[in-house]
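All remarks here apply to the structure that follows.
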Amino acid sequence: MTARIGIVTFPGSLDDRDAARAVRLAGAQAVPLWHGDADLHRVDAVVLPGGFSYGDYLRCGAIARFAPVMERVVSAARGGLPVLGICNGFQVLCESHLLPGALIRNAQRRFVCRDQWLRVDSVRTPWTSAYGAGAELRIPVKNGEGGYVADRRTLDALEAEGRVVFRYLRGNPNGSARDIAGVCNETGTVVGLMPHPEHAVDPLTGPSADGLGMFTSVLSHLVGVA
Amino acid sequence: MTTGTSASALDTVARATNTPDEPQPYAELGLRDDEYDRIRQILGRRPTAAELTMYSVMWSEHCSYKSSKVHLRQFGEKAPASDALLVGIGENAGVVDIGDGWAVTFKIESHNHPSYVEPYQGAATGVGGIVRDILAMGARPVAVLDPLRFGPADAADTRRVLPGVVAGVGGYGNCLGLPNVGGELVFDPSYAGNPLVNALCVGVLKADRIMLAHASGVGNKVILFGARTGRDGIGGVSVLASATFDDSGAPAKRPSVQVGDPFAEKVLIECCLELYDAGLVVGIQDLGGAGLSCATSELASAGEGGMVVDLDRVHLREPSMSAEEILASESQERMCAVVAPEHVAAFFAVCARWDVDARVIGEVTAVSPEEASRGGRLVVTWHGETIVDVPPRTVAHEGPVYQRPFARPADQDALVADDPARLPRPATGAEFRATLLALVASPNLCDKSWVTDQYDRYVQGNTALAQPENAGVIRVDEVSGLGVAVACDGNGRYCRLDPYAGAQLALAEAYRNVASTGARPVAITNCLNFGSPEDPGVMWQFERTVTGLADGCQALGTPVTGGNVSFYNSTGDTAILPTPVVGVLGVLPDVRRRTPMGFGGADGAALLLLGRTRPEFGGSEWAWTVHRHLGGRPPEVDLAAEAALAEVLVAASATGLLAAAHDLSDGGLAQVLVEACLRGEAGARITLPAGADPFVWLFAESAGRALVAVRPDDRAAMADLCGSHGVPWTDLGTVQASSTDLVIDAVLAVPLAELRAAWSGTLPALFEG
Amino acid sequence: MPRVVVDVMLKPEILDPQGQAILGALPRLGFDGVRAVRQGKRFELDVVDEMTEQTVRRIAETLLANPVIEEFTVHTG
Amino acid sequence: MPRVVVDVMLKPEILDPQGQAILGALPRLGFDGVRAVRQGKRFELDVVDEMTEQTVRRIAETLLANPVIEEFTVHTG
Ligand SMILES: Nc1ncnc2c1ncn2[C@@H]1O[C@H](COP(=O)(O)OP(=O)(O)O)[C@@H](O)[C@H]1O
Ligand SMILES: [Mg+2]
C-alpha cells in the first residue's frame, strides 16, 4: 500500500507544490485537497502547507481556519489522523485550536528567510520518529509572524509533557518563547512548526536534505499502523 | 458624469463635434500645443474629455517613449541574429527558447517615483506590475530580482525609504510565492531624492503556448478581470474630473499612490494559468500604467483593429467614478482578456473557482479597409452615449516622437581628466589591512543579507542558486535539470565617466555573473534610469548608453528582448548618475552542474585568476570609499575577452572542472577573495605574482576577470582550456578550508572572523531599530 | 446603516514588538513624554439595522480577535 | 498617567485588501448583515501629564500614520 498524504491548497497557499514534491520523494502519494472540498479523499495524513492563505491580512491562518476542508481536517485530527502544519499551516492549526498558543509578529518586525538550525526535541510523534533524539537539522525558516506565544501555564505544560517537538538552535529567528519552533497536540499526531522541511529535501534546492525525515517518518508510521 | 448638472453635460463625441471651440485643459494633462493639434487633426474635431484622457496618458513619456524611441531603435537594428528569440521587443516581454520545448520570458521595470513617495506600496506595486507583464505572456512567474539604489546610506531619508522599499519588495513578492534570487543594493548621493527601484521578473512557459496582446476574431468578447477599478494613480487626469466635479461642489479624492493587494495577484496568477491551460484565451494584456486606456488601445490595434467597450460594465470600487477616471485608473491586479463567445462561460467558471471577479466589457468589431488604414476603430460608451471614437493605433503607437537635442556635458572633459592616479594609495601592511577592512565594510560592498534575508528565496522549490551567489539559478525542468541563470548589474559611476563604456560594462558584468554559474548567456533586458530628457547633457548620456548597449549586445550575440526607460530622475536640479541596469539571462542544461561562488567545498583547490589586471581605478569603489573621488576613465571594455572568459567558465562548468568561481567587479580581487572565503567559511593563502603591485592587483576593477578554484588534479586541464580560448590566467594560491585566515603573502593577513564582523555589521548598524 | 467599531488589542501579558519599536523610535525623533505604546487593530463595520451587539461580539470573538492572545471591545462608531 | 488613543484608518478611497478579506469571509462563517469592513490600526499611548494634544498629533502624523494613504483621529482613551 502507498500511503496517501493530502496537501491542502487554500487561496494564497504557496508551498503546496513543494510539500507534494517532498511527499513524493519520501515515497508516498501526494493527494491535492482543495480548500472548498468537504471531503478528505481517503487520505492517511494531511499536510497544511506554507503560504499566505487569504493574504493573511487579518491574522495569519485566521480565515483559512474556516475553509470547508478544515472542518474535516479538524474532526479527523481529533480522531487521530496525522496532520503536519508548516508555517502558515502551523498558524492555521493554532487558529483552529488543534494546537495551543499563537504566532505573532516577529520580534524584529521583519520577514526573515534564513537557514536555521533546529533540534528535534521529541521523536515520539508520527512526523519525527525517523530522527534520532536530539538530532540537529538545518532547515529554511521564512516568516513574518513566527513568534510563538502561549501563557506560562501552557508553556510549562508543553515542556512537561514533552510536546515541544522542535527548538531553534544557535539563534532564535523570530523571538519565539523558549526558542520553540514546533509543538504537537496531546497525542503527538498533530504537529506544527514554523521552519520548512519541504524546502530541505534535496541539497540542490535547499540547505540540506534534513527535512525529508518528517515525511519518511509519517510514511513508516502509516505503514506500521496499516 | 455623476454631478448630473447641465453645466457638465456628458462630453460625447456628438457634443465635441458641435462645440469645436470649447477650451480643454490639455496643457494641465501634460500635452503640448502641437500634440493637442495633432489629436484634433487625427480626429477631425476636438477630442472629448474621455479621448483627451486616453491620448494624454498614452502619449506621456512613460507610455509613448517619445524621447527615447529614436534611440531605442538601435536595439532592433543591431540585434544579433538569434534563433532563440521567440518574441522580441514590442510585446509585454521578450520570450527566449531554452530548448526541450521550454521557453523563458523576463523583463525589468522601474517604479522609482512612487517608491520615493510611499516606499512600501511603491516598491510592492512595482513588483506586482512586472509580474503581470510576465503573466501576460502566458508564463508562470518563477523568480524576481530587485536592483535598488538609494542616497547615502547614513542619510536620514535613506532610513525612511530603504526599509520601506525592501519590506515592500519582500511583502509583495513573498506573498506571491516568487523566490527573490538576486538584485543590487547601491548607495550614491545622486539618488538621495530619487531612489531607483527596479524589479525584474522571470517566467517559464511551454514554447508553444505563448500568449500575445491582441484582440483578434470579430465577435470575441473583451473581459476585464481581477481587482475592481478604483481611483488609483489617476494623478493628472483629475484636472478633467475636477472640472466636472466643481459644479456640484463635491471635491473628489484622487490618490496617485496605488496600494497593492498581493493576495489578489496570487489568485490572478493561478486563475490565468488555468485559463491558458484550458485554451480559453485568444489574447491578453495586463493593466499597468494608463490602465484601460492602454489595454484597450493596445489590444485593439494589435488585433482586428476594431473594439467596442461599455464602461458601465466595469466593476468599480467607488461608484461615483467618472468615465475619464475609469479610463485612466491604474488600479492594480487587473487583466484584460479576449475570449471567444463559446468560451465565455468556461472562462467565468475558472474565475469563480478562484474567486476572481470578471466582467465582459466589450467586443471585438470589424473595421472597414478605410478605418483600418486610419488605425482601426475603438468605440467607448458610457451611460448609453459614445464618448470615445478613435483609431486605437494612433493612441497606442502613433504618439509623438522627439529628436531631443543632446550634447556632451560641459564638465565631461574635466571629469575624465581628473585621473585617480593622483590619489594617495596604501603602502604599508597596516594601510593595506585598513583599506581592505574599510572597503568590505562600505555600504556598497558590505554584506547585503539584512536586505536579502527579508526575501523568500526557497518558495517553488526550484532555486539552485540565489543571492549572494553570482547569479540566481532556477530549475525549469525537474527531470532533465534544464534551468536558467539571471543576474542584473549597473554602475552609475562608470556611466557618468563614459556612458558608452559604462553601458557595456553593465552588460559585461551581468554576462560574466551568469557565465560564472556555468550558464551560457543568451539574451538581455534593460532598465534605463536617467535624468530629464529635456537636458541635452542627460540626452547625450542616454544616446551614448543606448548605442553602447546595442553595440555590446551585437558583439556578445545577446539580443535585447525588452526593457523600460525611466526619465526625470533627479535630486533637486541634479540628475542622478546615468544608470542603465542590465539583466542577462543564461541557460544551464543541468542546474546540478551549477558552479557555486564559495570556497566552502573547495579545500585544497588551486586558485587561478582569469583575465588581465590593469591599473584601473576610475569610478572604482576604492576611489569613492576612501577618497570620495569620481573621475578618470572607467575600466577598459574588451567584449571579445569577455566572450572568451565566458566560454571558459561555461565549458569548465560543463566538464566539472570548477569547485568554485566568482567574477570580479566592484572592489576588485580583494573583495572577491573576502566574499568567497566567507561564503562557506574557508581560509585561503594567496601569493601575488613576483613583481606585482599589490595595490593594483588587489583593488583595481579591470573587467573581464574571474577567480576560479580548481582541484589540484584539474589544474592542468583548466590551464589548457584557458590557453585554447586565449584567456590569460595567473596562479594565485590555494583554498585552505581549515584555516581561519585570509592571508596575502607579504601584504596582509586577516582572520575571517574580523572580516565577517566588518563586512556584515554595516547594514544592521544603519537600519536596525 | 449603523457603524460599529471593534477594537482589538494584544493582552497585556503578550509582548507587542510593534508598540515597543514605536516607543523606541519616539525619543530619536525628538518626542519625549511617551511612557508606553501598544499597537492594536481597529475594525469599522457597516452593518444592517437589525444586527445585534451580541452578533457583533460573536463576529469579533470568532474572526476578528484571537482570544488566545487578544481582547476586544465593541462600541458604536 | 493619561492615556491617549490614536486611530489610524486608510483614506476611504484607498484600497483596503484587509477589510475586503474579512468582508469576504463573514458570509462563509454564517454572518450576514455586514455591508462593509475597513481595517485600521489603534495605538494606545501612555503619556505624561504635560503632553499636549498638538504633540500627540505630531507624533501621529510623523510616525503612526502615513499621510499619503492614511488619516488619523486622536482621542483620550
Ligand atoms: N536588493 C537585492 N535583492 C536581492 N539580491 C541582492 C540585492 N542586492 C544585492 N543582492 C545580491 O547580493 C549579491 C552581491 O551583490 P553584488 O556585489 O552586486 O554582486 P555582483 O558584484 O556579483 O553583481 C548578489 O548575489 C546579488 O544578487
Ligand atoms: Mg553588481
Side-chain angles (χ1 to χ4, degrees), chain A residues 9-22 24-25 34-36 49-58 60 63-64 67 86-88 106-116 139-145 173-174 195-207 211, chain B residues 140 163 166-180 260-271 352-356 449-467 473-475 478 481 483 590-594 596 601 764 767-769:
Chain A
T9 299
F10 300 103
S13 288
L14 304 178
D15 301 310
D16 44 346
R17 295 192 301 164
D18 306 58
R21 186 189 289 120
R24 285 194 303 270
L25 277 174
W34 185 244
H35 66 100
F52 291 77
S53 54
Y54 299 90
D56 277 349
Y57 290 142
L58 171 60
C60 300
I63 296 180
I86 302 169
C87 195
N88 196 224
N106 292 351
Q108 75 278 24
R109 293 167 302 116
R110 293 190 302 275
F111 187 94
V112 59
C113 172
R114 71 184 200 203
D115 300 341
Q116 175 69 42
I139 286 186
V141 67
K142 41 168 213 177
N143 60 64
E145 307 194 14
N174 44 31
H196 287 260
E198 83 285 13
H199 290 320
V201 293
D202 179 352
L204 175 67
T205 51
Chain B
R140 173 178 285 280
V166 171
V169 169
Y172 206 98
N174 294 343
C175 189
L176 241 45
L178 292 181
N180 183 309
D261 180 350
F263 171 66
E265 183 128 317
K266 166 65 181 168
V267 290
L268 194 56
I269 291 172
E270 298 304 330
C271 179
R353 180 172 139 82
W354 288 101
D355 212 4
V356 166
S449 52
W450 188 88
V451 169
T452 58
D453 279 0
Q454 297 184 52
Y455 304 150
D456 183 348
R457 58 183 180 276
Y458 287 114
V459 64
Q460 296 196 12
N462 287 312
T463 306
L465 288 178
Q467 65 281 76
V473 172
I474 296 289
R475 176 174 63 186
E478 254 180 74
D590 184 353
V591 295
R592 281 165 290 213
R593 281 241 177 263
R594 74 214 181 282
F767 299 108
E768 208 100 300

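Bear in mind that the values here come from a model prediction, so they are computed numbers and not experimental data. Proteins get letters first, then strands, A, B, ... in listed order; numbering begins at 1 in each.
- Side-chain atoms of A:R21 come within 3.5 Å of backbone N or O of B:Q460 as a donor-acceptor pair.
- With a 4.5 Å cut-off on non-hydrogen atoms, B:V166 does not touch chain A at all.
- For B:D355, no part lies under 4.5 angstrom from a heavy atom of chain A.
- Residue contact with chain B, scored on non-hydrogen atoms closer than 4.5 Å, involves the backbone of A:P203 exclusively.
- When all heavy atoms of B:C175 and A:G55 are compared, the pair lying nearest together is SG-CA, 4.4 Å.
- One distance of note links CZ of B:R592 with CG of A:D202; it measures 8.5 Å at 0.5 Å rounding.
- Residue B:L176 holds its CG atom at 10.0 Å from CZ of A:F52, rounded to the nearest 0.5 Å.
- For the pair B:D453/A:F111, no side-chain contact is recorded, criterion being any heavy-atom separation below 4.5 Å from C-beta on.
- Side-chain contact between B:T463 and A:T205 is absent, with no heavy-atom pair separated by less than 4.5 Å.
- Both the backbone and the side chain of B:V459 have a heavy atom closer than 4.5 Å to some heavy atom of chain A.
- Using a 4.5 Å cut-off between heavy atoms, B:R353 touches chain A through backbone and side chain atoms alike.
- Contacts of B:L178 with chain A are absent, with no heavy-atom separation under 4.5 Å from either backbone or side chain.
- The two residues A:D18 and B:Y458 make their nearest non-hydrogen contact at OD2-O, 4.0 Å.
- With a 4.5 Å cut-off on side-chain heavy atoms, B:Y455 and A:C113 do not count as touching.
- What you find for A:Y57 and B:P262 is that their closest heavy atoms are OH-CD, 3.1 Å.
- Residue B:A167: no heavy atom, backbone or side chain, is found under 4.5 Å from chain A.
- Using a 4.5 Å cut-off between heavy atoms, A:D115 touches chain B through backbone and side chain atoms alike.
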